[in-house]
Amino acid sequence: MNLIIIILYLLAAVVCGMLGRRTSFGFLGHFILAVVITPIGDFLVQMVARPSRDIREKINDLDEY
């Protein structure tokens, strides 16, 4: 039973990493953060995290038109 809980927890952390791959922390940063502070806490961090440099540059390019 404990092994199933650990596997589900790590899968949730991987999902958080995938959702956060386009933020400034990236996949690895959000994965580690989800393991340390729980996936729910990491999801809250993702809501306020700034986008990656590439995404910010694309947004700025769109604003110029």
Side-chain angles (χ1 to χ4, degrees):
M1 184 67 175
N2 289 336
L3 183 61
I4 294 172
I5 292 172
I6 291 170
I7 290 172
L8 289 175
Y9 190 87
L10 289 176
L11 283 174
V14 168
V15 169
C16 284
M18 294 297 290
L19 290 173
R21 70 183 183 266
R22 294 188 183 197
T23 63
S24 57
F25 287 162
F27 172 83
L28 189 60
H30 279 288
F31 174 75
I32 292 171
L33 195 62
V35 169
V36 172
I37 66 167
T38 74
I40 294 172
D42 178 62
F43 181 69
L44 295 174
V45 170
Q46 286 182 27
M47 291 173 63
V48 296
R50 73 189 243 187
S52 67
R53 182 178 299 154
D54 295 335
I55 301 295
R56 289 192 314 262
E57 288 174 359
K58 287 180 183 178
I59 291 171
N60 288 335
D61 289 342
L62 290 175
D63 287 342
E64 291 175 2
Y65 292 111

I need the full list of side-chain hydrogen bond (donor to acceptor under 3.5 Å, both in side chains) pairs touching residues 2-20, with sequence neighbours left out, sorted by first then second residue.
none
State the CG-OG1 distance between Leu33 and Thr38, to the nearest 0.5 angstrom.
8.5 Å
Please determine which of Leu8, Ile7, Ile6 meets the side-chain contact (heavy atoms from CB on, under 4.5 Å) test together with Ile4.
Leu8
Enumerate the residue pairs fulfilling side-chain hydrogen bond (donor to acceptor under 3.5 Å, both in side chains) with a member in residues 24-36, sequence neighbours excluded, ordered by first and then second residue.
Thr23-His30, His30-Asp42
Hydrophobic clustering (ILVMFWY, side-chain heavy atoms < 4.5 Å, transitive) - are Leu44 and Val15 grouped together?
no
Hey, what do you get for CG (Leu10) to CZ (Phe31), rounding to the nearest 0.5 Å?
5.5 Å
Shortest non-hydrogen pair, Ala13 vs Pro39, comes out as N-CG, 4.1 Å
If Ile, Leu, Val, Met, Phe, Trp and Tyr residues are connected whenever their side-chain heavy atoms lie under 4.5 Å apart, and connections chain through other members, are Val36 and Phe27 in the same group?
yes
More than 12 heavy atoms of other residues, nucleotides or ligands under 6.0 Å from CD1 of Ile40: yes or no?
no
How long is the span from the CD atom in Gln46 to the CZ atom in Arg21, to the nearest 0.5 Å?
10.5 Å
If you group Ile, Leu, Val, Met, Phe, Trp and Tyr by side-chain heavy-atom gaps below 4.5 Å, do Phe43 and Leu11 land in one group?
no
Side-chain heavy atoms of Phe25 within contact of Val45, under 4.5 Å
yes
dist Cys16:SG -> Ile37:CD1 (nearest 0.5 Å) comes out at 9.0 Å
